[in-house]
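Accompanying notes for the structure given below.
Keep in mind that this is a model prediction, so the values were computed, not measured. The figures here come from the full heavy-atom set of this structure, side chains too, leaving out hydrogens, waters and symmetry mates.
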Amino acid sequence: MAEKEISKAVISRLPRYYRYLGELLEDGVERISSNELSQKMKVTASQIRQDLNNFGGFGQQGYGYNVKYLYTEIAKILGIDRQHNLIIIGAGNLGQAIANYANFEKRGFVIKGMFDINPRLIGLVVRGIEIRGVDDLEQFIVDNNVQIAALTIPKMKAPEIADRLVKAGIKAIWNFAHVDLNTPEDVVVENVHLSESLMRLSYRVSNMQDQKNGVQKKL
Ligand code: NAI
């Protein structure tokens with residue numbers, strides 16, 4: 001694999017390549033040219049070639065890309081060729097929605113447990129996953145070799161729990177709480193904010209409407 005640092009922009013596009021290649025595989029497609037992939041994904045063919053060249057290309061002139069091979073290699077790059085054990089902190093609406101989504105397991109993300117402080121939730125089982133109190137959180141992380149924690153708790157509570165998680169050996173936080181977390185360098189945080197995504201959508205749709213109505217915006 002390439003030794004050089006791969007840019008965040010390229011990494012952020014890989015899951016989409018992976019998804020399209022998975023669909024091609026399901027349709028029985030064995031190979032595809034960058035031009036065909038470009039038409040499907042609405043990304044320029046040169047962008048695709050540039051992106052995939054970061055990893056040695058995987059393509060051959062005049063042959064295109066071997067779909068299965070590319071799919072497998074991208075999975076390796078994304079680290080989804082192995083199992084990641086995950087816990088969910090906060091078993092409310094969002095935590096339970098994540099727990100109910102079985103497809104994460106297909107990608108190697110195994111939800112080992114859920115935690116909450118609400119006594120009415122503790123002991124309930126969501127899709128086979130028991131909701132536990134936070135008292136045995138640290139021990140559970142060690143016993144179950146948990147790497148990733150999803151944080152679906154109110155923002156006020158998130159920094160304190162994040163500290164506990166880090167001390168217990170968690171290496172990655174999937175943060176849904178609307179707060180920026182301070183974690184050591186060897187702990188990665190991926191913030192997911194649906195409302196930010198919605199605001200970007202709002203910007204685009206408002207701009208489109210303004211352009212249609214001939215409104216000029218000052219920046
Ligand atoms: P919810 O109120 O249904 O669930 C929150 C759960 O966290 C409750 O069951 C509560 O008992 C538990 N909790 C509180 N403090 C805790 C602690 N210290 N340890 C363990 N559990 C604790 O709320 P909902 O709708 O599930 O949202 C959860 C969080 O996610 C909120 O902060 C909300 O703002 C955020 N959110 C973020 C989204 C995003 O796109 N990033 C989208 C929707 C919600």
Side-chain angles (χ1 to χ4, degrees), residues 5-24 34-55 70-71 74-75 77-80 84 86-109 111 147-159 161-162 165 170-183 185 187-219:
E5 183 103 358
I6 296 158
S7 81
K8 277 189 183 159
V10 177
I11 300 290
S12 71
R13 286 193 287 271
L14 287 186
R16 191 156 174 258
Y17 287 121
Y18 185 76
R19 180 160 53 84
Y20 271 83
L21 290 162
E23 284 169 12
L24 290 170
S34 45
N35 281 331
E36 285 169 307
L37 196 55
S38 142
Q39 276 161 19
K40 266 190 159 298
M41 294 185 61
K42 299 195 169 51
V43 178
T44 64
S46 77
Q47 169 95 80
I48 290 176
R49 284 193 292 268
Q50 244 176 48
D51 282 351
L52 301 181
N53 272 342
N54 276 289
F55 318 105
L70 193 51
Y71 183 76
I74 291 181
I77 293 159
L78 290 173
I80 49 178
H84 295 285
L86 189 148
I87 52 172
I88 298 171
I89 317 289
N93 292 312
L94 187 56
Q96 293 199 26
I98 292 173
N100 271 314
Y101 186 62
N103 263 2
F104 293 133
E105 266 123 59
K106 283 195 203 151
R107 302 268 179 268
F109 301 100
I111 303 172
Q147 263 193 324
I148 305 177
L151 270 195
T152 51
I153 54 177
K155 66 175 181 182
M156 300 288 283
K157 308 283 182 67
I161 284 283
L165 293 167
I170 284 287
K171 288 293 164 221
I173 298 179
W174 197 22
N175 178 33
F176 289 83
H178 295 293
V179 63
D180 293 329
L181 300 170
N182 284 319
T183 51
E185 266 181 22
V187 175
V188 288
V189 178
E190 176 74 23
N191 296 307
V192 185
H193 298 314
L194 298 182
S195 48
E196 290 180 10
S197 172
L198 207 49
M199 282 186 244
R200 284 191 287 273
L201 192 66
S202 155
Y203 168 79
R204 288 169 60 195
V205 74
S206 315
N207 253 25
M208 238 160 55
Q209 281 164 351
D210 286 351
Q211 272 177 15
K212 221 167 134 190
N213 299 330
V215 179
Q216 295 269 326
K217 255 191 192 151
K218 275 189 192 160
L219 280 183

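- With hydrogens and angles disregarded, no donor-acceptor distance shorter than 3.5 Å links the side chain of Ser34 to the backbone of Ile48.
- Closest non-hydrogen pair, Ala177 versus Ala158, comes out as CB-CB, 3.7 Å.
- Atom CD1 of residue Ile74 and atom CD1 of residue Ile11 lie 10.0 Å apart, to the nearest 0.5 angstrom.
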side-chain contact (heavy atoms from CB on, under 4.5 Å) evaluation trace for Phe176 with Asn191: CA-CA 6 Å; Phe176 289 83; Asn191 296 307; over 6 Å; no
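- Between Ile161 and Leu151, the closest side-chain pair of non-hydrogen atoms falls below 4.5 Å.
- A distance of 9.5 Å separates CD in Glu36 from NZ in Lys40, rounded to the nearest 0.5 Å.
- No side-chain heavy atom of Ile89 sits less than 4.5 Å from a side-chain heavy atom of Thr152.
- Within 6.0 Å of CG on Asn100 lie more than 12 heavy atoms contributed by other residues, nucleotides or ligands.
- Within the 4.5 Å cutoff, side-chain heavy atoms of Leu165 are placed close to those of Ile87.
- Applying the side chain to side chain donor-acceptor pair (under 3.5 Å) test to Glu23 and every residue at least two apart in sequence or in another chain returns nothing.
- Listed by chain and residue number, Arg127 satisfy the side chain to side chain donor-acceptor pair (under 3.5 Å) test with Glu105 (two or more places apart in sequence, or in another chain).
- Taking each heavy atom of Asp51 and Arg13 in turn, the nearest pair found is OD2-NE, 2.7 Å.
- When side chains are defined from C-beta on, Met41 counts as touching Tyr17, because their heavy atoms get closer than 4.5 Å.
- Atoms CG and CG, on Asp180 and Asn175 in that order, are 8.0 Å from each other to the nearest 0.5 Å.
- Residues meeting the ring pair (Phe, Tyr, Trp, His ring centres under 6.0 Å) test with Phe109, sequence neighbours left out: His84.
- Residues Trp174 and Ile88 form no side-chain contact, since every pair of their non-hydrogen atoms from C-beta on lies 4.5 Å or further apart.
- Smallest separation of non-hydrogen atoms from Gly22 and Tyr71: CA-CE1, 3.3 Å.
- Ser206 contributes a side-chain N or O that, together with a main-chain N or O of Ser202, makes up a donor-acceptor pair within less than 3.5 Å.
- Other residues, nucleotides and ligands contribute more than 12 heavy atoms inside 6.0 Å of the CG atom of Asn35.
- When side chains are defined from C-beta on, Ile148 does not count as touching Ile173, because their heavy atoms never get closer than 4.5 Å.
- With rounding to the nearest 0.5 Å, the separation of OG in Ser195 from CG in Leu201 is 12.5 Å.
- Of all heavy-atom pairs spanning Ala162 and Leu181, the tightest one is CB-CD2, 4.1 Å.
- Contact check for Leu86 versus Phe104: no side-chain heavy atoms found under the 4.5 Å cut-off.
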For side-chain contact (heavy atoms from CB on, under 4.5 Å), just list the numbers for Leu78 and Arg107, CA-CA rounded to whole Å, side-chain angles, deciding distance to a tenth of an Å, and then say yes or no. CA-CA 10 Å; Leu78 290 173; Arg107 302 268 179 268; over 6 Å; no
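- The two atoms that bring Ile111 and Ala99 nearest to each other are CD1-CA, 3.9 Å, heavy atoms only.
- With values rounded to the nearest 0.5 angstrom, His193 atom NE2 is found 10.0 Å from Arg200 atom CZ.
- Counting heavy atoms from C-beta outward, Arg16 and Arg19 have side chains that approach closer than 4.5 Å.
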